[in-house]
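First the structure, in the form of structure tokens, and then the observations on it.
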There are 4 protein chains.
Amino acid sequence: MAQSDTVTRILDTAEVLFAERGFAETSLRNITSKARVNLAAVNYHFGSKKALIQAVFSRYLDPFTQRFHTALDELEAQHAGRVIPLETLLETMATTVLAVPAERNSLKVFMRLLGLAYSQAQGHLRRHIQQEYGDVFTRFTELVRQATPDLPDAERFWRLHFMLGTVIFTLSGLDALRDIAEKDYQEQVTVRDLVRRLRPVVVAAMNAPLPPALEEGKYANAQAR
Amino acid sequence: MAQSDTVTRILDTAEVLFAERGFAETSLRNITSKARVNLAAVNYHFGSKKALIQAVFSRYLDPFTQRFHTALDELEAQHAGRVIPLETLLETMATTVLAVPAERNSLKVFMRLLGLAYSQAQGHLRRHIQQEYGDVFTRFTELVRQATPDLPDAERFWRLHFMLGTVIFTLSGLDALRDIAEKDYQEQVTVRDLVRRLRPVVVAAMNAPLPPALEEGKYANAQAR
Amino acid sequence: MAQSDTVTRILDTAEVLFAERGFAETSLRNITSKARVNLAAVNYHFGSKKALIQAVFSRYLDPFTQRFHTALDELEAQHAGRVIPLETLLETMATTVLAVPAERNSLKVFMRLLGLAYSQAQGHLRRHIQQEYGDVFTRFTELVRQATPDLPDAERFWRLHFMLGTVIFTLSGLDALRDIAEKDYQEQVTVRDLVRRLRPVVVAAMNAPLPPALEEGKYANAQAR
Amino acid sequence: MAQSDTVTRILDTAEVLFAERGFAETSLRNITSKARVNLAAVNYHFGSKKALIQAVFSRYLDPFTQRFHTALDELEAQHAGRVIPLETLLETMATTVLAVPAERNSLKVFMRLLGLAYSQAQGHLRRHIQQEYGDVFTRFTELVRQATPDLPDAERFWRLHFMLGTVIFTLSGLDALRDIAEKDYQEQVTVRDLVRRLRPVVVAAMNAPLPPALEEGKYANAQAR
DNA sequence: TATGAATGAGTATTCATTCAT
DNA sequence: TATGAATGAATACTCATTCAT
């Protein structure tokens, strides 16, 4: 069996099982037996379960970063120093992030994985992602800053994360939600459809009025942690 | 050791560990040894690990449902058949959901637990929550429907979930985000502060313009899954 | 099955297998299956393989240290401040060290274990022994110092270790040597017999003339490591 | 990469790792990765791990036997039928055994290996050494017999092994002992220095008075094993 | 009512060796 | 001649659960 075959089979199987059941709940036995590959193959090719998890993500994120950098290069060239509108930035982001999984017919899996990356206690994964892909996000955030000059920095930070939550939560839980939606509203829901619904919501959220300033002392007793 | 003591100690320890590391990553040994309780005590008092997980949630959700029903009763009485404004509904929801954990000084833990309930592969938990607490949510959703008569049902369904994602994602990942925010913007971030920031965003999102209608056939080839 | 039963069975089996094959070459499976005990029992009762190894040693060394301290107390009382002769010290040491394994009918095993403790790469074991039983040895060494006032400290240090080597090497490899000896010299060799043979050798070695002093510069090119 | 290169690299790395951690604790992966050689190379060039262990020893013992035979030839020629004195025999032995590792700057490694050969459960190794190099030892023992005509055969047998123990134990554990000695006595200890200290001790031990004869029946109940 | 002991099934990982190329 | 890939057996250890007392 050629290497690429085994490695690919492991990655393909792993990402599906991880997406279905989470990292801790998926054993290497689950993966290798479903992939019809020797149990030791994971450790041989990847070194450890942690490294396998990271490899699963890299297969999506490596091409993503590359394409996203290219896309941002083009946007900057087109706008020649002028500010790139927020909607354009969001649109580009959405298109690019969906491109790779769309080609691989694994949108659902990828979205679940993204959700897991945030919610599961895989510190190593968060660190890996931060370290490998932090730069693109920094570049993107800076462009968003230029597109929303009236938003205080802290407010922009939080709103970006609010929207990140919206998107990841929705797309990663898509299966369950879709089932309910189709039953209740007789609608066929596609990812593309959801993106259509998300756009006005995200834009409105980013442009929402600022909250009232904090009044001094008002929250003196507030329990924060 | 009195029973209530043991049971409480187990629940207190379990919720903290679950929140920190997730369900699968927390073993009964972790819990019982940290709670300084016999290893068999969990199975003795709760029957199984699954039942313990559900009990941890019930301790928050039982008083919540009770109070939320009461709060909605009062709102309906005050508005005497007229529509309750969306903002009032959201405000009431936020206040009630935060009340119980606030009293127990465990806001952070509760939010993490909520996030886990959605992201971790605990089918039994989702079913348990749906079954035990589905009624209040149905009642709330119906009131929201009356408050947003112009929103198509399907659109309202999705937007509510978009916002659920915003809130759960943000509050459950609060720790990490707070660290970044405090480092970058020298702001002390409290849960109450975040709720203040969330309000205008959620309202704006719910009131965002409708997306353009789907064009017939446009997505014939759309890859949905 | 009572605890003491399982624990004892594990210890009894473990010491025999360790003595026969070494630590690394003896798996927990070997031990538990031969002891007809559940595979998880070792980890339950001892925590880890390392801890089991240490427990095997403690079962010999704990009573040894206790008895040796008592024996030295008595010797000091008898000699009332006067120097205790070297032969008496060595005799007492030999008697005490052999007493415990003799009672348990496991002289051979104990001697092999002592040999392993020195030769196998179990850093944790050396540390454990040093830490738990270092004090008795220090006390003994000091008495030897008083019994051999003419020996330079460094010379005494090395000669004690020379003799330690003699004893441990011989007794721990006893089986093989005994087989050869019995075949070649038609002698039945008992441990007691060997101790009889060892005594004059050890005494002569300790009392051997000092080596000629090192001549300056003579070993300038000596390769030491 | 030339074969000799690979083979040498494996042997060089293996002996160091074996000496540091023992045979069982050193995996072929450890060796090949440190030697920067293909994992399969050991099995390819040596056939098995056991064969590699034997090869490591042969690299020292083959030249040793050859030289030792030559040295004994010369001694016998010089003494022309007369008895060769014990000290001369021991001196020759010591010089020859140290010559090869000294040339390769690996005295420490070789001594550790010798110690391991005796203590670790490598039956195949003991058999291999016995079989390949037994003859020289037999020849040497016979010369020692002639040099110590008053010693009963059995006594000589045991005393030779006592001294073997002294030497191997000391030199193979040299590192740890040296550290202690240098700390406590501010002495730089070289192998040559130790040999100087060993000589009078070994001679004295071989010439020690005979032990008192066994009294009949005295040890009838002696527990030998 | 509570617990220490025990257990069988499971975990990730490492091992020496083989094999196709 | 040499090697990357693969493998089956083994490793120590952890798991939730059960059971006798």
Side-chain angles (χ1 to χ4, degrees), chain A residues 1-7 9-10 23-32 37-53, chain B residues 1-3 5-7 23-33 37-52, chain C residues 1-7 9-10 23-32 37-53, chain D residues 1-7 23-33 37-53:
Chain A
M1 186 182 300
Q3 170 184 353
S4 67
D5 200 12
T6 301
V7 167
R9 285 244 294 277
I10 291 175
F23 303 119
E25 295 86 351
T26 304
S27 72
L28 294 188
R29 274 183 145 79
N30 292 155
I31 295 169
T32 53
V37 145
N38 186 279
L39 172 60
V42 167
N43 283 291
Y44 176 73
H45 286 291
F46 298 92
S48 71
K49 187 180 180 181
K50 286 185 179 179
L52 171 61
I53 294 176
Chain B
M1 189 182 297
Q3 172 183 346
D5 197 14
T6 300
V7 167
F23 302 120
E25 294 86 352
T26 304
S27 72
L28 294 188
R29 274 185 139 81
N30 292 155
I31 295 169
T32 53
S33 73
V37 145
N38 186 278
L39 171 61
V42 166
N43 282 297
Y44 178 73
H45 288 291
F46 297 91
S48 72
K49 188 180 180 180
K50 286 185 178 179
L52 171 61
Chain C
M1 188 182 298
Q3 169 183 354
S4 66
D5 201 12
T6 300
V7 167
R9 285 243 294 277
I10 292 175
F23 302 119
E25 294 86 352
T26 304
S27 72
L28 294 187
R29 274 182 144 80
N30 293 156
I31 296 169
T32 52
V37 145
N38 186 278
L39 173 60
V42 167
N43 283 291
Y44 176 74
H45 286 291
F46 298 92
S48 71
K49 188 180 180 179
K50 286 185 178 179
L52 171 62
I53 294 176
Chain D
M1 187 182 300
Q3 171 183 347
S4 68
D5 197 15
T6 302
V7 167
F23 303 119
E25 294 86 351
T26 303
S27 72
L28 294 188
R29 273 184 141 79
N30 292 155
I31 296 169
T32 53
S33 73
V37 146
N38 186 277
L39 170 60
V42 167
N43 283 298
Y44 178 72
H45 288 291
F46 297 90
S48 70
K49 187 181 180 179
K50 286 184 179 180
L52 170 62
I53 294 176

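Hydrogens, waters and symmetry mates are skipped; everything else that's a heavy atom, side chains included, is used. Here is the naming used below: chain letters follow the sequence lines, and residue numbers restart at 1 for every chain. Values in this document were obtained by computation on a predicted structure and should not be read as measured data.
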Legend entry - Selection from E:dT3, E:dA6, F:dT3 that lies nearest to any side-chain heavy atom of C:Thr6: E:dA6
Legend entry - Separation between CZ of C:Phe23 and CG of C:Leu52, rounded to the nearest 0.5 Å: 9.5 Å
Legend entry - D:Tyr44 side, atom OH; D:Asn38 side, atom CG - distance, nearest 0.5 Å: 11.5 Å
Legend entry - Nucleotide-level pairing of DNA chain E, given in dot-bracket where Watson-Crick and G-U pairs need both distances under 3.5 Å and | marks other strands: .||||||||||||||||||||
Inset, instruction - Please report the shortest heavy-atom distance between B:Thr6 and B:Ala41, naming the atom on each side. - result: CG2-CB, 4.3 Å
Legend entry - Phosphate OP1/OP2 of F:dA6 contacted by A:His45 side-chain N/O (<4.0 Å): yes
Inset, instruction - Return the minimal non-hydrogen interatomic distance between A:Ile31 and A:Ile10, and the atom names on each side. - result: CG2-O, 4.1 Å
Inset, instruction - Take atom CG of D:Asp5 and atom P of F:dT1, then tell me their distance rounded to the nearest Å. - result: 15 Å
Inset, instruction - Check the pair B:Lys49 / B:Val42 against side-chain contact (heavy atoms from CB on, under 4.5 Å), numbers first and verdict last. - result: CA-CA 7 Å; B:Lys49 188 180 180 180; B:Val42 166; 5.7 Å; no
Inset, instruction - Give the minimum heavy-atom separation between B:Ala24 and A:Glu25, together with the two atoms involved. - result: CB-OE2, 3.4 Å
Inset, instruction - To the nearest Å, give me how far apart CG (C:Leu52) and P (F:dT11) are. - result: 15 Å
Inset, instruction - Hey, could you give me the CG/CG distance between A:Asn43 and A:Leu28, rounded to the nearest 0.5 Å? - result: 6.5 Å
Legend entry - Letter per nucleotide, 5' to 3', of nucleotides 14-21 of chain E [B base touched, S only sugar-phosphate touched, - untouched; heavy atoms, 4.0 Å]: BBBBB---
Legend entry - D:Asn30: partners by side-chain hydrogen bond (donor to acceptor under 3.5 Å, both in side chains), with sequence neighbours left out: D:Arg21, D:Ser27
Inset, instruction - Would you kindly give the CD1-to-C1' distance between B:Ile31 and F:dC15, to the nearest whole Å? - result: 13 Å
